[in-house]
Every structure is written in structure tokens, then in C-alpha cells.
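Presented below is the structure to which this report refers.
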Amino acid sequence: MTRLSRRQALAGGGVTALAAAAAAAPEAAAQACRPAPTTITVDAGRVLGPLPKFWRCTGFTPAELLLLPEMRQTLSFLGAVPNRGLEFVRVHYLLDLVVAKRTGAQISYDWALLNEALDTLVDRGLRPFFELMGNPSNLFDDFTDMEQVRAWRGLVAELASRCVARYGRDEVRAWWFETWNEPDLPFWRWGEQGFLNCVDACRAGLDAVDPTLRFGGPGTAFTLSPMFRRFLAHCDEGLNALTGERGGRLDFISVHEKGSREHEEDLTPRTLGIIERERQAVDYIRERHPRFAGLPFINNECDPEIGWLVPHTYRALPYYAALIAKMADQHRRLMVDGAGVDCAILSNDNGFIGRFGHRTHLAYFGGRRIVKAQAEHRTDLAGVEVARAASMPFELVKKPALAVIEMLALLGPERCATTSDAALDPDASGLGLFATRSAADQMAVLLYNSLDRIWASGERRASLLLRGLSPGAYSVATLRLDDAHGCAFHLWDKWQAPDLPRSDQFSAMRAAAEVGVSVAQQQVVGPDGLALELTVLLPSATLIVVEPAGGRAPGRPVRLRAEPQPGLSERENILLTWAPGAHVGMQTFDVLSARSPGASFERVNPSPLLSAAFLHAREPGACRYVIEAKNLDGSGRTLSDPIEA
């Protein structure tokens, strides 16, 4: 460190020198105090086993949102996540979309609205995590009445039969069917015995169509609640209301555990508390009902906080994205590896339509009234038809909660061995990782930095050493999601939170919402591996993808579609979606457009796209569109067939 006395500085002409010394001193002191980087070694040659991507589910309420354009655009973005990184959607009150009519002893059902709702999911590559929840035309009012219990069995059997006929048996076998949501809360109004009778009817109705269809529950809200215990005891050895037999088949067990209670203040979620309460349920099952101990265990409302409508700014920030990655990793480390639990699904309720501060994947701008979810919900099918008939312009902007799902979707299917010079303790220090590979020479490592403190900030330095790769030339992509990358909220906040942003502001927010992607080409890997130096911000998620340079081009994108959307500005909104071609590794997309048949195609997306969807806000007038798919370093490219819209 250079030290100058005041006299020396002035004698040397010295105001400049003094200023330079003053500026250098804090920087030098900071360097001296800065902790040494954490060295992490990932060995692609040592595979620990598969990486089950159990976090691939989201949910929302109510079901009639599936009939509205806002939710359809939302689901188009969710279904476009690479590698089916979001696969299942759990929706409350689906059976409210069925219209029932009783004629004497006969009941007939109109399935048109439910068919349309399910088509909305399946057509976008998504699958229902199907809650058998809802009351067609309020026909059912007493589940201790065995006539109604048998009628419910018939309803479920007809539902399953129609789904198999419409979507195919193999497709429906990939779904999950679940009991009524949170029957230990007033959403279920017919008592404990009525619930158990309903469970028996659901099982019997599904089995009548296909005994391999998956059914479970109870999706309870309270840890080890009486309804949870009664459900397990009934399924294990209770008397079946329809058959008179003892016990029955159960395919999975589901609970809801969240990180903090609902509050208007920004309460810090306690993610380890989620794990602790899940373990209580697992231990109870293993002790009291060992026949069910090996079943898939599902937390299908694993949210940092109860409730979704009270706005909290952290939901719009990278803090929430890093939290999602950490909760997924905690379940992998502490439940799957640590406790031997089959965590088949880890879901959240981010699928709602809401604004930046709500628990959603995208921020909504428009005039649609947003109401509380279940507590105030009453299905009004006539009101749904009125809402569908009224054109209501809107715009959606991606939030970090969706961007991190894209990053997690790029992880490989196999886990690699890791070592560190200092024991990694993500739950205490915040720094954790997923280390994966897609092939012997293709790696994807996601580092997250997340603490259970809402306003925590800082940074960590990491030296990442990738071993086990064959010597040669590689391309290395770095994808960043932090306060400087992948966060549109900061722009909106800078503009004083306009309710109706201008078209150029929407374009700027959509550009800012994409994760930062940089690619270093021709990185030479020798026998010692590849060393990377990273500064990992708190909070953040950083994905490193390594593939051989000059790899194969992706398969051709197909099924390119362009749908007009009712936007809020003078521009025309066109939603483009497509199906990616086959490719092992990471691929990105560009949307190319041309105004006339003779004009050259130009890229319209501001940065490479990870997902197979893009909203083009264009000047009015038709365009021709082509999707260009690229491998990691862009050396291999494939074009879709053009369409005009």
C-alpha cells in the first residue's frame, strides 16, 4: 500500500497524488479484507446417480382462469420452458367447470368447459396435477349419503373415461389425481367421514377406468392435522364405504408446508422449517403406517409464505428466484439424500395472475380485477362467459421466479461428484450448487446464493474447477440472474411504478427480464480440467454450461404458431410459440421477421431466448416469421419453416 504524508503529497504537486492515494487506500484495504474464494471441484467423470427434477410443478386458483386469455398466455410461457422444466399445473375447483343436470335418478354432465380448460394445458405441453375438487352445479351436499357417494364415484369414472378417450391412456397415466384441496380447512364442508367417503369414491371411480391411474392426498394445510391422520389410518386399514374391505391403495401422500405465515410485513421465510415439518409427517408415516413409507411424498404448496394477494416486493426480485433454487436443493440434500424420501413432486402456487408483488411467474398489467384465491372464491359460470366475451387488453412481463425455472431446466439428468476446500453449508452461508452432466463432455453447474434474510446482500467469490472432461476445445456459457441481470422490476421502480407503461417501457422490461447470457468460445481444456473464477452476488443464481466447441446443430423447430394478443399499447402483440427440435445440451432461439416476401429476415428478440415462446410487440402490419435454433456457441444453426401472421 502506498502511503503519502500531506507534506509529500503537496510537494509533489500533490492534490492529484493525494486524491489518488485516498482513492487507492480503501480499495487496497478492501482487497486485503476480502475473503479468499471458495474452491469447488466438480468431477464429470464421477456420476453419483440421476438428478430427479421434482420441482417441475406449479398451481393456482380458480379453474375458470383457464378460460381467459391472461392465463392462456401465462401457460404458453410456462409450457415453453426448455426440457419440460415445468410439467404439471395444480388447479383448484376444476370440477366446478362441469355442469350437472339431474333427471329423476339419472345425472347427466356437460363437460364442454372442463374439456376446454384441460385442452388449454395439454395443448401447451403441460399436464394437470388433477385435484378432484369442485361441485358440478352444487349437486352434492352430503357425502355421508351413500347415494351421493356412489354418484361421485360415477362422476370420477366418467371424468377418467373421457380424459382417456380425449388425450390417450398413456398421457392420462402420466397425470396425478389428488383428493380435495386442504380438507382440514373450511374448503371442505362435509366433515371427516364425508371426506373419507369421498376418498373411497375417487379411488373406485379411477380404478373402474384404469387401475394404474395415480391417486393420493390429502393435501392438508396443517402439520399432522387430525384430517391428515384420519386419512392415512383410513387408507391403511379403515373400512371402505363402497366395498366394505379394509384399507386400500394409495399412490402418493401430499401435504402443504410453507415458510412463514401470511402477513402484510415482509416476513423472512424459514426454509429449514419447511423441511422440519415435512420430516415430522414422514416420521409419522414410517412409525404409524409403514406400508406407506416408500410412497412418493409431495409438498405441492411449498411456498415461502402463506397467501399470495398481499404484495411483497421480494417476489419480484432475484431474492425469490434464489430462494426457489435453494428450496429445491434443500429437498434434494435433506429429504432425498438425507432421509431417503421419494420427493416425486415439489410444487408451488406461483401460477396465479397478479402483479409484481404477488406470488406469480409473470407481472400482470391490465384492468382485470384480482381477488383473493380460495377464501373468497365462488364459481360463477355465467360471470365467466361475460368475462370471456369482454375484450380486456393486458400485458405480461417475466419475473425472476420464472427465469430461474428456465435455468434449472437446463441442468443435466446426472449428478456429478463435488468437493470443496471449505465445507459448503448452503443453509448457513447461502452458497450452494447443483452439479450435473448431460454427457461425458457436457456439464451444467448451477450456483445459487440465498440466505433466509430478505434484505441480505453481498457477494462470494468462487473458483470452480471442472474435471473429468476430455482434453479439447470447449464453449462455456455463463447465465446470470441477479440484481443486474434478469430483473425487470428495477426498471419499473425507476420509472415510479407506472400502472400503464408505454410500449417502449414494456419492451425495455421484457429485455431486462431475460437472464444475462455470455459465451466464451474455444476454451482449451487440458488434463487438469477447466478453472473458472466467479463472483456470485447475494442473492443470485448462476448457471455454467460447458459443451465441446462446434457441436451439432439442434433439430428443426416445428409447430410454429402466431397468435394475436390484446395488448395495452398502440403496437400489435403477437405471441409466437414453437416446439424445439431434438438436441442434447443447451440450445437458444432467435425470432426472425421480415415485413415483405422479398425483405431480409432480422432478429426481433433483444437477447437469446431459452424458452420456446416470444411476445413480439410490432408496428401494425403482417410479418413473416422464422425461428432460428442455435447450439451453445452458435456454430450450428437450424431454421424452422416460415409462417405469416
Side-chain angles (χ1 to χ4, degrees), residues 52-54 56-59 63 66-67 71-72 74-91 93-99 108-134 136 152-179 201-217 249-252 254 296 298 300 344-345 347 351 409 413 555-561 563 577-582 612-613:
K53 298 183 180 180
F54 48 77
R56 61 194 190 279
C57 183
T58 191
L66 287 164
L67 308 175
M71 180 54 71
R72 291 180 167 179
T74 295
L75 293 173
S76 291
F77 283 110
L78 301 190
V81 170
N83 304 322
R84 216 164 195 170
L86 263 177
E87 183 175 2
F88 297 99
V89 182
R90 182 174 176 269
V91 187
Y93 296 110
L94 275 170
L95 295 182
D96 276 358
L97 300 181
V98 180
V99 178
S108 60
Y109 298 104
D110 182 345
W111 301 89
L113 290 178
L114 181 61
N115 289 343
E116 186 179 343
L118 294 178
D119 287 350
T120 298
L121 293 173
V122 176
D123 288 351
R124 289 161 174 79
L126 299 165
R127 290 171 166 151
F129 196 110
F130 203 124
E131 292 177 14
L132 296 170
M133 178 187 190
W152 188 266
R153 176 186 60 189
L155 168 69
V156 173
E158 188 172 345
L159 164 72
S161 178
R162 286 178 171 272
C163 288
V164 167
R166 192 175 186 87
Y167 305 111
R169 190 172 298 274
D170 289 342
E171 171 62 26
V172 179
R173 283 175 173 173
W175 299 2
W176 304 77
F177 291 89
E178 189 181 29
T179 62
C202 290
R203 173 85 273 173
L206 294 173
D207 285 352
V209 176
D210 187 341
T212 68
L213 296 181
R214 295 182 289 194
F215 174 70
R249 193 176 108 236
L250 193 60
D251 298 314
F252 65 89
S254 59
I298 293 172
N300 49 20
I345 295 286
S347 186
R556 181 187 299 275
V558 296
R559 299 198 297 276
L560 174 58
R561 296 192 296 187
E563 299 178 73
T577 58
W578 58 93

Review point. What closest approach, in Å, do T179 and G217 show between heavy atoms, and which atom pair accounts for it?
Key: OG1-CA, 3.7 Å
**Study point:** Minimum side-chain heavy-atom gap W152-L95 below 4.5 Å
**Key:** yes
Practice item. Please report the shortest heavy-atom distance between F54 and A344, naming the atom on each side. Key: CB-O, 3.4 Å
Check your understanding: Got T577 and R124 here, is their nearest side-chain heavy-atom distance under 4.5 Å?
Key -> no
Check your understanding: So how far is it from T120 OG1 to L67 CG, rounded to the nearest 0.5 Å?
Key -> 6.5 Å
Review point. With under 30° as parallel and over 60° as perpendicular, where do the rings of F88 and W176 fit, or are they tilted in between?
Key: perpendicular
Review point. Would you say the side chain of C202 lies within less than 4.5 Å of the side chain of F177, judging by non-hydrogen atoms?
Key: no
Check your understanding: Under a 4.5 Å cut-off applied to non-hydrogen side-chain atoms, are L114 and R162 in contact?
Key -> no
Exercise for review: May I ask you to test the W111-L159 pair for a side-chain heavy-atom distance under 4.5 Å?
Suggested key: yes
Review point. How many angstroms lie between atom CD of E178 and atom CZ of R214, to the nearest 0.5 angstrom?
Key: 12.5 Å
Review point. Is the shortest heavy-atom distance from the side chain of R72 to the side chain of L75 under 4.5 Å?
Key: no
**Study point:** Residue pair R203 / D251, side-chain heavy-atom distance below 4.5 Å
**Key:** yes
**Study point:** Min side-chain heavy-atom separation D119-Y167 under 4.5 Å
**Key:** yes
Revision key, fill the gap. Here the gap from L206 atom CG to C163 atom SG, rounded to the nearest 0.5 Å, amounts to 9.5 Å
**Study point:** Step-by-step side-chain contact (heavy atoms from CB on, under 4.5 Å) determination, I345 to R90
**Key:** CA-CA 11 Å; I345 295 286; R90 182 174 176 269; over 6 Å; no
**Study point:** Short side-chain to backbone donor-acceptor contact, R173 and T212, under 3.5 Å
**Key:** no
Practice item. State, to 0.1 Å, how close F215 and F252 come at their nearest heavy-atom pair, and which atoms those are. Key: C-CE2, 3.5 Å
Revision key, fill the gap. CD (E87) and CG (L121) are apart, to the nearest 0.5 Å, by 12.0 Å
Review point. Out of curiosity, N300 CG to E131 CD, how far, rounded to the nearest 0.5 Å?
Key: 7.5 Å
Review point. Minimum heavy-atom separation for A613 to S76, with atom names?
Key: CB-O, 4.2 Å
Practice item. Hey, could you give me the CG/CG distance between L94 and L113, rounded to the nearest 0.5 Å? Key: 11.5 Å
Point to revise | Minimal non-hydrogen separation, R153 against A204, with atom names | key: CD-CB, 3.6 Å
**Study point:** Closest contact, heavy atoms only, A579 versus R559
**Key:** CB-NH2, 3.3 Å
Review point. More than 12 foreign heavy atoms under 6.0 Å from CZ of R166: is that the case here?
Key: yes
Point to revise | Steps toward side-chain contact (heavy atoms from CB on, under 4.5 Å) verdict (V209, E158) | key: CA-CA 8 Å; V209 176; E158 188 172 345; over 6 Å; no
Check your understanding: Which one of L118, T58, L66 satisfies the side-chain contact (heavy atoms from CB on, under 4.5 Å) criterion with V91?
Key -> L66
Review point. Do we get R127 above W175's six-membered ring, with its NZ or CZ under 6.0 Å from the centre and within 45° of the axis?
Key: no
